[in-house]
> 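What follows is a structure written as structure tokens; I'll ask about it next.
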2 protein chains.
Amino acid sequence: MKQLKTVMGLAKTEIFTDTQNEIASIAKAFGHPARVAILQHLFKINTCVCGDLVNEIGLAQPTISQHLKELKMLGLIKGNVEGTSVCYCIHKDNWIKMKALINTFLNQDNEANASSCC
Amino acid sequence: MKQLKTVMGLAKTEIFTDTQNEIASIAKAFGHPARVAILQHLFKINTCVCGDLVNEIGLAQPTISQHLKELKMLGLIKGNVEGTSVCYCIHKDNWIKMKALINTFLNQDNEANASSCC
DNA sequence: ACTTTTAATCGTAACATTGCGATGAAACAA
DNA sequence: TTGTTTCATCGCAATGTTACGATTAAAAGT
């Protein structure tokens, strides 16, 4: 009987549904205060932001760049090159799609009846 | 000029607001498919669940126990000892409070006007 | 008392994440 | 061409997270 070798430290995504993995991926992006702060700032400014994210958040430039990369890979933000600087803003279409997925998860308690215990 | 020593690998929570840190903490809990699956199962069953979480999710008992501990510490679930087994269920009051916080973050796009770029 | 059942905890292995200095690349200015 | 600015990437250090075997603890059954 062949047994799948478990790789320690790595989440076993294979045993979960696509939806479960997708929810987890998005939640992970929100799982760091710097990324929360970046998104809040982009919404507040409400236009492309070129550069001043490093000044706004108190982290070094490579660190901010890394956080932006993760948000961009998930499709939550867009980045447009503008001369020497790069302008970032929220990807509103994807944000709405993301919200729908997360809200379905968060609103599970609406469908559930009053529990019979606890 | 004394410089705060940065501890590598550790999130610099001090430079963010309480709300930002709180959102990140909750999101972190949802940031693993096993915990998403556990919560979904608890909602689906809609009563206390004694034991069968290990059978339901395909992970070893100590691993499930660890995930349950994190969800419990965050207040999202409750655990009642019942003989030799322990029964878990959603902490509905805290779930609603948590939803309010996350929804404020997710619905930022409603307040923002049409962006002037991108 | 002894065994069984159930779940927490301990210890450890391995990968992931965070942070930043140093460096590189690309556009612009002089 | 030679700086300058702006940001991405590399490389590393340090802590965090995930997973599970082994063990422990507590209640219940025999």
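Values reported hereafter were calculated over all heavy atoms of this structure, with side chains retained and with hydrogens, waters and symmetry mates removed. These numbers come from a predicted model, not from an experiment. Note on naming: letters A, B, ... go to the chains in the order of the sequence lines (proteins, then strands), and numbering restarts at 1 for each one.
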> Base, sugar-phosphate, or nothing: which does B:Leu68 touch, judged by heavy atoms less than 4.0 Å apart?
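The answer is nothing, as B:Leu68 stays clear of every strand by at least 4.0 Å.
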> Taking only side-chain N and O atoms of B:Tyr88, does any of them lie within less than 4.0 angstrom of OP1 or OP2 on C:dA8?
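Checking B:Tyr88 against C:dA8: at least one side-chain N or O falls below 4.0 Å of OP1 or OP2.
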> Distance check needed: C:dG21 P versus A:Ile64 CD1, whole Å only.
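After rounding, the reported distance stands at 13 Å.
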> Return the value, rounded to whole Å, for the distance between atom CG of A:Leu59 and atom P of C:dG21.
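Computing the A:Leu59:CG to C:dG21:P distance gives 11 Å.
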> To the nearest 0.5 Å, tell me how far B:Leu39 CG sits from A:Asp109 CG.
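It comes to 11.5 Å.
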> So B:Glu70, base contact, sugar-phosphate only, or nothing? Heavy-atom distance under 4.0 Å.
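It contacts sugar-phosphate atoms only.
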> Given side chains that start at C-beta, do those of A:Tyr88 and A:Ile45 come closer than 4.5 Å, heavy atoms only?
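They are not in contact (no side-chain heavy atoms under 4.5 Å apart), so the answer is no.
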> A:Glu82 has an atom CD; how far is it from atom P of C:dA26, in whole Å?
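In whole Å, C:dA26 P lies 18 Å from A:Glu82 CD.
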> Mind checking A:Thr63 for me? I need base, sugar-phosphate or nothing, with any heavy atom below 4.0 Å counting as a touch.
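The residue A:Thr63 makes base contact.
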> Taking only side-chain N and O atoms of A:Lys28, does any of them lie within less than 4.0 angstrom of OP1 or OP2 on D:dT17?
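Result: no.
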> Got a sec: does the CG of A:Asp18 have more than 12 other heavy atoms crowding it under 6.0 Å?
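No.
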> Grab the CD1-P distance between A:Ile38 and C:dT18 for me, whole Å please.
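These atoms are roughly 11 Å apart.
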> Do the side-chain N or O atoms of B:Ser65 get closer than 4.0 angstrom to the phosphate oxygens (OP1, OP2) of C:dA8?
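Indeed, a polar side-chain atom of B:Ser65 lies that close.
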> Would you indicate, yes or no, if C:dT17 has its OP1 or OP2 atom less than 4.0 angstrom from a side-chain nitrogen or oxygen of A:His67?
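Answer no for this pair, as no side-chain N or O of A:His67 is under 4.0 Å from OP1 or OP2.
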> Could you say whether A:Ala34 or B:Val54 is positioned toward the 5' end of DNA chain C, judged by the nucleotide with the nearest heavy atom to each?
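So the residue in question is B:Val54.
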> From C-beta outward on B:Thr84, which listed nucleotide comes closest to its side chain: D:dT6, D:dA19, C:dT6?
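Nucleotide nearest to B:Thr84's side chain: C:dT6.
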> Confirm from the modelled atom types if B:Gln66 and D:dC20 form a donor-acceptor pair under 3.5 Å, side chain to base only.
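Pair found.
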> Could you walk me through whether A:Thr19 and A:Phe105 pass the side chain to side chain contact (heavy atoms under 4.5 Å, CB included) check?
CA-CA 10 Å; A:Thr19 306; A:Phe105 175 71; over 6 Å; no
> Specify the separation, in whole Å, of atom CD1 of A:Ile77 and atom P of D:dC7.
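Distance check: A:Ile77 CD1 to D:dC7 P gives 13 Å.
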> For A:Leu53 and C:dG19, what is the distance between atoms CG and P respectively, to the nearest whole Å?
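These atoms are roughly 15 Å apart.
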> Whole Å only: how far is the CG atom of A:Leu71 from the C1' atom of D:dA8?
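Going from A:Leu71 (CG) to D:dA8 (C1'), I get 15 Å.
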> To the nearest Å, give me how far apart CD (B:Glu56) and P (C:dT6) are.
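One finds 16 Å between P of C:dT6 and CD of B:Glu56, rounded.
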> Could you tell me the separation between the NZ atom of A:Lys12 and the CG atom of A:Asn21, rounded to the nearest 0.5 Å?
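Going from NZ on A:Lys12 over to CG on A:Asn21, the span is 13.0 Å.
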> How is A:Lys72 classified with respect to the nucleic acid when contacts are heavy atoms under 4.0 Å: base, sugar-phosphate, or nothing?
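Nothing, no heavy atom under 4.0 Å.
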> Got a donor-acceptor contact below 3.5 angstrom from the B:Trp95 side chain to the A:Leu106 backbone?
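Yes: the side chain of B:Trp95 pairs with the backbone of A:Leu106.
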> On DNA chain D, does the nearest nucleotide to B:Arg35 precede the nearest nucleotide to A:Pro62 from the 5' side, or the other way round? Give the residue.
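The residue whose closest nucleotide sits nearer the 5' end is A:Pro62.
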> Does OP1 or OP2 of C:dA7 have a side-chain N or O of B:Lys69 closer than 4.0 Å?
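Looking at the OP1 and OP2 atoms of C:dA7, neither is under 4.0 Å from any side-chain N or O of B:Lys69.
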> Distance criterion of 3.5 Å, no angle test: do you see the side chain of A:Gln61 paired donor-to-acceptor with the base of D:dA8?
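Checked by distance alone, the answer is yes.
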